[in-house]
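Just so we're clear, the structure is a prediction, and the values are computed from it rather than from any experiment. In what follows, every chain begins at residue 1, and chains take the letters A, B, ... in the order their sequences are listed.
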2 protein chains.
Amino acid sequence: MSCTTTLKNKGLKLTPQRRLILNIIHESGGHLTAEEILDYVHARVPGVNKSTVYRTLELLEELGCVYKSELGDRFIYHHAEEGHHHHLVCRACGKSIDCDEDVFLPVERALDKKYGFQAHFKHMVMSGLCAECRDKG
Amino acid sequence: MSCTTTLKNKGLKLTPQRRLILNIIHESGGHLTAEEILDYVHARVPGVNKSTVYRTLELLEELGCVYKSELGDRFIYHHAEEGHHHHLVCRACGKSIDCDEDVFLPVERALDKKYGFQAHFKHMVMSGLCAECRDKG
DNA sequence: TTTATAATTGCAACTGGTTGCACCAACAAT
DNA sequence: ATTGTTGGTGCAACCAGTTGCAATTATAAA
Ligand SMILES: [Mn+2]
Ligand SMILES: [Mn+2]
Ligand SMILES: [Zn+2]
Ligand SMILES: [Zn+2]
């Protein structure tokens, strides 16, 4: 479902500020921090308040329109309708490998079967050792 | 390996402040926020500075002595030598289900096989729908 | 012991992000 | 058209957590 209809279905409004923030995340193709988004917003419409931006990001995440992922020491935002994938980040060399979205299917099935729990793993960022760094160290 | 030897092996010191923080996390049995840890530290030794506490928590996490997990809107610290498990948190009713640590083994094996990437999933907190709430909604 | 080196802490200033609140805009009911 | 209600924004004060730095401590070399 599109962000626009998700908002409307909940009686929420697609204000100019929200449209602007959604456009910025969408055009970027993913991986913007809140601070970067705030900068882009100010570059286009200087008057928008930072609390509006942070509140909008929180709202969009709760609605499932964007995903928030912990990447190293910061958080990045990713449009939910972009191509789905995960990231493997090497803690030794810092390299990031794109990862197929299906690797978590066995976990989702096991959690459902054992606990009746319905979980979805979206745009996960995993820290670990890449093949090269593992062979060295 | 124990925290003490991990520190010594890296030329780092087990100062009274660090020992105190480790004891607090260990005795709690897990799930303390940084702010709660800071409060417990001040209750025992009022002079310790907050920057020391935050820097110590960051250090212990990097060393792998404690795990930091995102639980809802806050972060909790968990002693690495406590019993290993994960948490399933229902986003509808808030209930937390303890989860077997082995559920991520298929993912760890798949990442290793497909990408040569070595990842370890420790004390994960997963958001989703529990059985009861799924049946209702 | 004396000196050099590196680790650690406390302090104070700073910053990213949050919160309470008054005002404003959209919309529905009368 | 008027009123009532709900949602959204800007503003300013606030707070948790970070950072730079000088002073302190432990350790090792001379
Ligand atoms: Mn991505
Ligand atoms: Mn736990
Ligand atoms: Zn690597
Ligand atoms: Zn539930």
Side-chain angles (χ1 to χ4, degrees), chain A residues 3-25 31-77, chain B residues 3-25 31-63 65-78:
Chain A
C3 302
T4 313
T5 52
T6 305
L7 284 166
K8 279 193 180 156
N9 288 350
K10 300 234 173 189
L12 304 172
K13 292 163 190 170
L14 184 59
T15 63
Q17 292 93 331
R18 288 178 180 171
R19 191 190 305 273
L20 173 60
I21 291 165
L22 275 169
N23 281 342
I24 287 169
I25 297 177
H31 307 145
L32 292 181
T33 65
E35 212 171 351
E36 288 167 338
I37 293 169
L38 181 58
D39 287 343
Y40 283 123
V41 166
H42 279 161
R44 297 208 210 166
V45 184
V48 178
N49 194 268
K50 63 177 176 178
S51 58
T52 301
V53 173
Y54 285 108
R55 280 190 284 230
T56 300
L57 290 174
E58 192 182 357
L59 175 72
L60 293 174
E61 195 210 346
E62 281 168 5
L63 292 175
C65 296
V66 306
Y67 301 138
K68 182 184 183 184
S69 316
E70 196 179 3
L71 178 55
D73 57 347
R74 62 197 201 280
F75 284 94
I76 54 165
Y77 290 86
Chain B
C3 302
T4 313
T5 53
T6 304
L7 285 166
K8 280 193 179 155
N9 289 349
K10 300 234 173 187
L12 304 173
K13 294 162 192 173
L14 184 60
T15 63
Q17 292 93 331
R18 288 178 180 170
R19 190 190 306 274
L20 173 60
I21 292 165
L22 275 169
N23 281 342
I24 287 170
I25 297 177
H31 308 145
L32 292 181
T33 64
E35 212 172 351
E36 289 166 337
I37 293 168
L38 182 57
D39 287 343
Y40 284 122
V41 166
H42 279 161
R44 297 206 209 166
V45 185
V48 178
N49 193 269
K50 63 176 176 179
S51 59
T52 301
V53 173
Y54 284 109
R55 280 190 284 230
T56 299
L57 290 174
E58 192 184 356
L59 175 73
L60 293 174
E61 195 210 346
E62 282 168 5
L63 293 174
C65 295
V66 306
Y67 301 138
K68 182 184 182 184
S69 316
E70 197 178 3
L71 177 56
D73 57 347
R74 61 195 201 284
F75 284 94
I76 54 165
Y77 291 86
H78 190 273

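Ring geometry for B/H78 versus B/Y67: interplanar angle under 30°, hence parallel rather than tilted (30 to 60°).
At C/dT9, one or more side-chain N or O atoms of B/T15 fall inside 4.0 Å of OP1 or OP2 (strictly under the cut-off). Phosphate proximity of C/dG10 to B/T52: present, with a side-chain N or O under 4.0 Å from OP1 or OP2.
Interatomic distance, B/I21 CD1 to B/I25 CD1, rounded to the nearest 0.5 Å: 7.5 Å. Expressed to the nearest 0.5 Å, how far NZ of B/K68 lies from CD of A/E70 amounts to 6.5 Å. Residue A/T6 holds its OG1 atom at 10.5 Å from CG of A/L59, rounded to the nearest 0.5 Å. Separating the CG atom in A/L63 from the OG1 atom in A/T56 is a distance of 10.5 Å, to the nearest 0.5 Å.
Between B/F75 and B/E61, the closest side-chain pair of non-hydrogen atoms is not below 4.5 Å. A heavy-atom distance below 4.5 Å is not found between the side chains of B/L22 and B/T4.
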(message) Strictly under 4.0 angstrom, non-hydrogen atoms only: write out the protein contact profile of nucleotides 22-30 of chain D, one letter per nucleotide from the 5' end, B, S or -.
(response) ----B----
(request) Mark up nucleotides 16-24 of chain C, 5' to 3', with B wherever a protein heavy atom is under 4.0 angstrom from a base atom, S wherever such an atom reaches only the sugar-phosphate, and - elsewhere. (result) SBBBB----
Please set out all donor-acceptor pairs under 3.5 angstrom arising from side-chain atoms of residues 33-42 of chain B, sequence neighbours excluded.
| from | atom 1 | to | atom 2 | distance (Å) |
| --- | --- | --- | --- | --- |
| B/T33 | OG1 | B/E36 | N | 3.1 |
| B/T33 | OG1 | B/E36 | OE1 | 3.4 |
| B/E36 | OE1 | B/T33 | N | 2.8 |
| B/H42 | NE2 | B/V48 | O | 2.8 |

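In this structure, A/Q17 places its CD atom 5 Å from P of D/dT9, rounding to the nearest Å. Rounded to whole angstrom, the span from the CG atom of B/L57 across to the P atom of C/dT8 amounts to 15 Å. As a whole-Å value, the separation of B/H42 NE2 from D/dG17 P is 13 Å. The separation between B/K8 atom NZ and C/dT8 atom P is 13 Å, rounded to whole Å. Counting to the nearest Å, the C1' atom of C/dA25 and the CG atom of A/L14 are 15 Å from each other. In this structure, CG of B/L63 is placed 13 Å from P of C/dA7, rounded to the nearest angstrom. Distance, A/L38 CG to D/dT9 P: 14 Å, rounded to whole Å. The interatomic distance linking A/R19 (CZ) with D/dT9 (C1') rounds to 17 Å, in whole Å.
Nearest-nucleotide positions on DNA chain C place B/K10 closer to the 5' end than the other of B/K10 and B/V48.
Closest heavy-atom contact between B/R18 and B/K13: NH1-O, 2.8 Å.
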